[in-house]
Amino acid sequence: MHDDLREAIDGVFPGVRADLEALVRIPSISAPGFDAARLREAAEAVMALLEGVGATTRLLEIDGAPSAVLGEIVAPPGAPTVLLYAHYDVQPTGNDADWSSPPFEPVERDGRLYGRGASDDKSGIATHLGALRAHAALAEQGGRPPVGVKVFVEGEEEIGS
């Protein structure tokens with residue numbers, strides 16, 4: 001890895017961490033009986049984050065299903081396009097008494113971030129954002145990734161879509 005890219009990653013990390021924590025705070029549970037508006041809130045938050053890295057975004061919607069987000073950064077001439085995937089929905093938390101801390105309040109313990117969705121899979125969204133932000137920070141690439149990027153983030157992975 002180039003030192004410039006490594007420095008860019010270090011530089012964007014605090015913001016990416018803050019965005020991951022904000023996503024964890026959204027109780028985007030995709031199971032029957034839970035508030036579907038929270039799924040929409042998560043989709044809109046993801047859309048705004050992707051727009052913040054220069055992606056053109058749109059919500060993909062079909063009746064009876066949570067929205068999916070598609071973000072795109074067009075490839076430079078002659079470069080390929082890569083597809084990145086993540087999901088913003090989470091499983092129900094179960095009994096709150098089984099948690100060491102509130103499930104939708106991110107907490108760091110021993111260098112790890114805990115909270116519902118902190119790893120599966122809101123961290124996937126954060127990882128994609130971190131990579132795109134790091135490339136945006138590199139002047140030698142004109143503030144963009146060297147390839148085209150499509151990011152697909154959906155909200156029904158946890159219910160077996």
Side-chain angles (χ1 to χ4, degrees), residues 9-74 81-137 144-145 147-161:
I9 291 168
D10 289 344
V12 302
F13 184 79
V16 171
R17 163 83 184 255
D19 290 334
L20 173 58
E21 290 180 10
L23 288 171
V24 168
R25 287 185 180 98
I26 303 171
S28 52
I29 300 169
S30 64
F34 289 90
D35 187 0
R38 303 316 295 264
L39 292 167
R40 179 62 177 234
E41 178 185 353
E44 289 174 353
V46 169
M47 195 163 82
L49 290 168
L50 290 172
E51 288 170 353
V53 295
T56 301
T57 63
R58 64 185 171 129
L59 286 179
L60 305 174
E61 300 180 290
I62 57 174
D63 289 338
S67 301
V69 179
L70 180 63
E72 181 176 13
I73 298 173
V74 176
T81 296
V82 297
L83 175 65
L84 304 175
Y85 167 83
H87 62 91
Y88 60 78
D89 63 317
V90 298
Q91 288 281 327
T93 59
N95 186 348
D96 284 353
D98 293 335
W99 286 77
S100 300
S101 55
F104 294 106
E105 185 53 43
V107 174
E108 183 177 340
R109 290 191 301 270
D110 299 322
R112 294 181 180 259
L113 187 66
Y114 291 85
R116 180 57 96 210
S119 63
D120 181 16
D121 184 42
K122 294 175 180 182
S123 64
I125 299 165
T127 300
H128 301 333
L129 289 170
L132 293 170
R133 286 180 185 163
H135 281 289
R144 55 169 297 126
V147 296
V149 179
K150 290 189 180 187
V151 183
F152 180 75
V153 183
E154 50 102 355
E156 56 184 348
E157 191 277 341
E158 295 293 356
I159 56 172
S161 62

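Remember, predicted model here, so these are calculated numbers, not experimental data.
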*Would you call Val69 and Phe152 a side-chain contact if the rule is heavy atoms closer than 4.5 Å?*
no
*Not counting sequence neighbours, which residues clear side-chain hydrogen bond (donor to acceptor under 3.5 Å, both in side chains) with Ser123? List them please.*
none
*Heavy atoms only: give me the nearest Glu157-Tyr85 pair and the separation to one decimal.*
CG-OH, 3.4 Å
_Take a 6.0 Å sphere around CG of Asn95 and say whether it holds more than 12 heavy atoms from other residues, nucleotides or ligands._
yes
*asked:* Show the nearest heavy-atom pair for residues Ile73 and Ala55, with the distance to one decimal.
replied: CG1-CA, 3.8 Å
_Side-chain heavy atoms of Glu44 within contact of Glu41, under 4.5 Å_ = no
Under 3.5 Å, which donor-acceptor pairs do the side chains of residues 26-37 form with other protein atoms, sequence neighbours left out?
residue : atom : partner : partner atom : Å
Ser28   : OG   : Tyr88   : O            : 2.6
Ser28   : OG   : Lys122  : NZ           : 3.0
Ser30   : OG   : Asp89   : OD2          : 2.6
Asp35   : OD1  : Ala37   : N            : 2.9

_Nearest non-hydrogen partners of Gly155 and Leu39, listed with the distance_ = O-CD2, 4.0 Å
*Mind running side-chain contact (heavy atoms from CB on, under 4.5 Å) on Lys150 and Leu84 for me, showing each step along the way?*
CA-CA 6 Å; Lys150 290 189 180 187; Leu84 304 175; over 6 Å; no
_Beyond-backbone contact of Glu154 with Pro66, side-chain heavy atoms, under 4.5 angstrom_ = no
*asked:* Between Tyr114 and Arg109, is there a side-chain heavy-atom distance shorter than 4.5 Å?
replied: yes
*Given the rule in the side-chain contact (heavy atoms from CB on, under 4.5 Å) test, do His135 and Arg144 qualify, once you have shown the distances and angles that lead to the verdict?*
CA-CA 5 Å; His135 281 289; Arg144 55 169 297 126; over 6 Å; no
*For Val149 and Leu132, run side-chain contact (heavy atoms from CB on, under 4.5 Å): C-alpha distance rounded to whole Å, both residues' side-chain angles, the deciding distance at 0.1 Å, then the answer.*
CA-CA 9 Å; Val149 179; Leu132 293 170; 4.0 Å; yes
*Is any side-chain heavy atom of Thr57 closer than 4.5 Å to a side-chain heavy atom of Val151?*
no
*asked:* On a heavy-atom basis, which atom in Val24 and which in Gly117 lie closest, and how many Å separate them?
replied: CG2-C, 4.2 Å
*Does Trp99 use its side chain to pair, donor to acceptor, with the backbone of Thr93 at less than 3.5 Å?*
yes
_Verdict with supporting geometry, Glu72 and Thr56, side chain to side chain donor-acceptor pair (under 3.5 Å)_ = CA-CA 5 Å; Glu72 181 176 13; Thr56 301; over 6 Å; no
*What pair of heavy atoms forms the shortest contact from Pro92 to Arg116, and how long is it?*
O-NH2, 2.8 Å
*Would you check, one step at a time, whether the test side-chain contact (heavy atoms from CB on, under 4.5 Å) holds for Val153 with Met47?*
CA-CA 9 Å; Val153 183; Met47 195 163 82; over 6 Å; no
*asked:* List the residues meeting side-chain contact (heavy atoms from CB on, under 4.5 Å) with Arg58, not counting sequence neighbours, and say none if there are none.
replied: Leu60, Leu70
_Val16 and Arg133, any side-chain heavy atoms less than 4.5 Å apart_ = yes
*asked:* Rounded at 0.5 Å granularity, tell me how far CG in Asp19 sits from CD1 in Ile125.
replied: 10.5 Å
*asked:* I'd like to know whether Arg17 forms a salt bridge (charged side-chain N to carboxylate O under 4.0 Å, His left out) with Glu21, so could you lay out the CA-CA distance, the side-chain angles of the two residues, the decisive distance to 0.1 Å, and finally the verdict.
replied: CA-CA 6 Å; Arg17 163 83 184 255; Glu21 290 180 10; 2.6 Å; yes
*Mind checking whether Asp120 and His87 have side chains closer than 4.5 Å, heavy atoms only?*
yes
*What is the minimum heavy-atom distance between Ala45 and Leu23, and which atoms define it?*
CB-CD2, 4.0 Å
_Counting C-beta onward and ignoring hydrogens, is there a side-chain heavy-atom pair between Asp96 and Pro102 closer than 4.5 Å?_
no
*Could you give the distance from CG (Leu129) to CG (Leu50), rounded to the nearest 0.5 Å?*
5.5 Å
